[in-house]
There are 2 protein chains.
Amino acid sequence: MLERHHLAIIHAVDKHGTLTEAANALHLTQSALSHGIKKLEVHLGAPVWRKDGRRLRLTQAGQGLLNLANRVLPQFEHSEQVIQQIAQGLRGALRIGMECHPCYQWLLKVVSPFLQQFPDVDVDVRQAFQFGGLGALLGYDIDMLITPDPLFQKGLEYLPVFEYEHVLVVPRSHFVAEKAFVQPQDLRHDVLITYPVESSRLDVFSQFLTPAGASVKRHRTIETTEIMLQMVSAGRGVAALPKWLVEQHQKDLAIVPVRLGKRGIFKNIHLGFRAGETRPEYQNAFIEMAKQTDHLM
Amino acid sequence: MLERHHLAIIHAVDKHGTLTEAANALHLTQSALSHGIKKLEVHLGAPVWRKDGRRLRLTQAGQGLLNLANRVLPQFEHSEQVIQQIAQGLRGALRIGMECHPCYQWLLKVVSPFLQQFPDVDVDVRQAFQFGGLGALLGYDIDMLITPDPLFQKGLEYLPVFEYEHVLVVPRSHFVAEKAFVQPQDLRHDVLITYPVESSRLDVFSQFLTPAGASVKRHRTIETTEIMLQMVSAGRGVAALPKWLVEQHQKDLAIVPVRLGKRGIFKNIHLGFRAGETRPEYQNAFIEMAKQTDHLM
DNA sequence: CATATTACATGAATTTTACTCATAGGTTTA
DNA sequence: TAAACCTATGAGTAAAATTCATGTAATATG
C-alpha cells in the first residue's frame, strides 16, 4: 500500500535533489530508499522517476505523488504535534459539570486565569445532565463535577477545594438583619426565593426548615443569582446563598447576610472525578488553581 | 511513525464498530490491529481508545486521528486511482511537437476524435523549440514529434502516417493553372509566399527551384495558411502546400493546385518518438488514429 | 444465575518486510 | 582517463508485522 513513508521519500528527494542526500536527511541509506520506491513502483504499476543523467526526474505518476505528499504530509505533522500536546496535557478539553447554581460565580474566578495559562485547552461547562452529575461523569460526558454535596460511590473520587458558609440573605430592613443568626420560625411570613431545583437538594430546606418542621409563607424560584439578589434587596423575599457571594454585592444592594441557625451551615465545594485515571496535566493544574481561590473571595 | 495504515485501522474501527469486524474488512486478524495500535500509542505517548464495556471509544487523541483519517485517506485513494489510470494509459498528457506548418490542419483532424476517446488525457501542442524538435523530444519536453522530414538519429524512431503530394497553388487565372505540371522557370515572374522558416527547410526551394538553379521574382512570408490562400486567390502570389489542403479550399477560393515538376513532390508526415520506451496506451491509440486520417482528407 | 457468546489484550512463534552492506554500472567533472 | 558521484541490485540480516493460542472481562441467553 502507498504509505506516508513513500511520500516522505519522494518529498525528501524533491527537496534535496538526490536519493543519496535524501537518504541522509531521513537517516537511512540510499539503498533503502531505492528498494523502497522500487517496490512502490511495482505496486502502482508505474515508474515514479526516470533517470536523467545521474539525477532522477519525476514521471507524471511521480509528480502526482509529490503533489499528494505536499498536501498530506503537513497534515500528518500537524496532527502528530497536536496529539503530542494532548499527551503532555497542554491541549485538550476540560468538560466541567455543575451541580450547584451559585458555584458558577466561583467557577468563573478559576476559569479565567486557567484559560490564560492553557490557551489550547477548551473549557466546556454543562449544567443539565440526563442521568445526573454522577452519570455524566461515569459516562464520560464530563471530566469533572463541581458539587457541594459529594455522593461517594465506587469509581469516583472527590476533593474539597473551597469552604464557605451558606447564609440567609435578607433586605436590610428585615427584622433578622440585626440578629446574630436566624431561626427557622423567623421565616414563617417570608417569601423564600431559590433556584429551580428539587427542594431536597436545597440546604435551606434539608438542613434548616424541614428538620425544625418549619415552613415559609411562599416558595418561588428564580434562575439567576443577580435577579435573586435584586428581589431580596427590593424586599420581595429572602434567599439562601454563599456568604462570599452576598458580601460581593453588599456595597451595591440593600442586603444583609445572616447565619442560618446558631451554628450556621458550612459547605464545601468538591471536585469529583473518575477514580484511578491518569489525568491530563492541565486538569491537575485546574485543581491546584481551584484550591487557591479561597484567597480571592 | 504514524502511517496511513494506522489511519486505515482507526477509520475501519469507526466504520465497523469493533476491532474484530474492522480486522475482517482489512483482511487481517484482530490481534494484528490490536498490536499495531498499541505500538502507535506507545509512539504517540497517548492512548487512542479507551475501553467502554467491550467496545472501544475514541479518546481525544483518537478523535484527532480519526479526523485526520477522514481528511487524508480519500486523498490517498484518489491519487492511487489517478496513478492507476496513468499506468494504464487512460490518463496523462500527450505533448506534441510540430515541425511543419500545414501539418496543423491535419493534426486537428486527429486530435478531436482522440480527445473524445480519452477524456482524461491532455493534449499539448508546441511549435517553437529551443533546441529543435529532436532536442525537445530527447529532452522530454515533448513526447511526439510531427514532421515531414524525419532526421534519423540514435535514440529516435519514426513512423510514417500520412502520405500527400506537395503542390503549387496558383490563382485560377495563372497561366500554369491549365498545365499538367509546373516547371521551375515558370515561376520567374511570380511572388512566392511561404511560412517564415529557413529556405532550406522549404521543399519548393530544396527540391524544386534550387536544383534547377531557378528563382522567383520575390519571396515573402506569411504565418497563417488561410491568409496565404487568400493572397493566392487574389492573384498576389503563389505558394507550395499539401494538395489535400488546397482541395479543401477550392470551392471557396479561386485557386488551383498544380504538380511541382513532372514527377511531383510526394511527402510523408512522420511521427517521431524516443526509441525503446514503453509508450502509454493512449499514445499508441493516437498513432493508430493518425494512420487512419488518410481517408478523411 | 450459571453459561455461552462476544470482544479486546497479550506472549510467543513465525512469516514478512525493511534495511544494510557490498558492489556494479552509469554520468559528470577535473 | 581517472576520480568523484549517483543510482540499481543481489544477498544477508535485523526488525517489524502478523498469526496463533490463550487470557480476561463484559454482555447476552436460556
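Just the heavy atoms: all of them, side chains too, but no hydrogens, waters or symmetry mates, feed the values below. Convention: sequence-line order gives letters A, B, ...; per-chain numbering from 1.
- Of the possible polar contacts, none joining the B/E163 side chain to the B/N268 backbone as a donor-acceptor pair under 3.5 Å is found.
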Under 3.5 Å, which donor-acceptor pairs link side chains of residues 195-202 of chain A to any protein atom two or more places apart or in another chain?
residue	atom	partner	partner atom	Å
A/Y195	OH	A/T225	OG1	2.7
A/R201	NH2	A/E99	O	2.7

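- The interatomic distance linking B/R57 (CZ) with C/dA7 (P) rounds to 15 Å, in whole Å.
- Look at NZ on B/K38: it is 14 Å from C1' on C/dA7, rounded to the nearest Å.
- A sub-4.0 Å separation between OP1 or OP2 of C/dC19 and a side-chain N or O of A/T29 is absent.
- Using a 30° and 60° split on the angle between ring planes, B/W106 and B/F162 fall in the parallel class, below 30°.
- A salt bridge links A/K267 and A/D203; the closest N-O separation between the charged side-chain nitrogens and carboxylate oxygens is under 4.0 Å.
- What separates NZ of A/K39 from P of C/dT16 is a distance of 11 Å, to the nearest Å.
- In this structure, B/T20 reaches the sugar-phosphate backbone alone: every heavy-atom distance under 4.0 Å involves primed, P, OP1 or OP2 atoms, never a base.
- Counting only heavy atoms from C-beta outward, the side chains of B/V121 and B/F114 approach each other to under 4.5 Å.
- Comparing A/H27 and B/L56, the nucleotide of DNA chain C nearest to each residue sits closer to the 5' end for B/L56.
- Within 4.0 Å (heavy atoms only), A/T18 reaches sugar-phosphate atoms of the nucleic acid but no base atom.
- Taking the C1' atoms of five terminal pairs at each end of the helix from C/dC1-D/dG30 to C/dA30-D/dT1, the two resulting helix axes are inclined by 30°, rounded to 10°.
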Pair up each side-chain donor or acceptor in residues 11-18 of chain A with any protein partner under 3.5 Å, not counting sequence neighbours, and list the distances.
residue	atom	partner	partner atom	Å
A/H16	ND1	A/A12	O	3.1
A/T18	OG1	A/E21	N	3.1

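- Separating the NE2 atom of B/H35 from the P atom of C/dT14 is a distance of 15 Å, rounded to the nearest angstrom.
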Pairs of donor and acceptor atoms involving the side chains of residues 33-47 of chain B, under 3.5 Å and at least two apart or interchain, shall be tabulated with distances.
residue	atom	partner	partner atom	Å
B/E41	OE2	B/V48	N	2.7

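- In 5' to 3' order, the nucleotides of DNA chain D bounding all contacts with chain B (an atom under 4.0 Å from a heavy atom) are D/dA16 to D/dT27.
- For the pair B/R50 CZ and C/dA7 C1', the interatomic distance rounds to 16 Å; values are reported in whole Å.
- Contact annotation: the side chain of A/L159 never approaches that of A/H270 to less than 4.5 Å [non-hydrogen atoms, C-beta and beyond].
- Heavy-atom distances to DNA chain C give each of A/G36 and A/R54 a nearest nucleotide, and the one nearer the 5′ end belongs to A/G36.
- The phosphate of C/dA7 has neither OP1 nor OP2 within less than 4.0 Å of any side-chain N or O from B/K51.
- Atom CD in A/Q30 sits roughly 12 Å away from atom C1' in C/dA24 (whole-Å rounding).
- Among the nucleotides C/dC21, C/dT17, C/dT28, the one closest to any side-chain atom of A/S31 is C/dC21.
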Without placing hydrogens or testing angles, list every side-chain donor-acceptor pair under 3.5 Å for residues 86-95 of chain A, not counting sequence neighbours.
residue	atom	partner	partner atom	Å
A/R91	NE	A/Q85	OE1	2.8
A/R91	NH2	A/Q85	OE1	3.1
A/R95	NE	A/D143	OD2	3.1
A/R95	NH1	A/Y140	O	3.1
A/R95	NH2	A/Y140	O	3.1
A/R95	NH2	A/D143	OD1	2.9

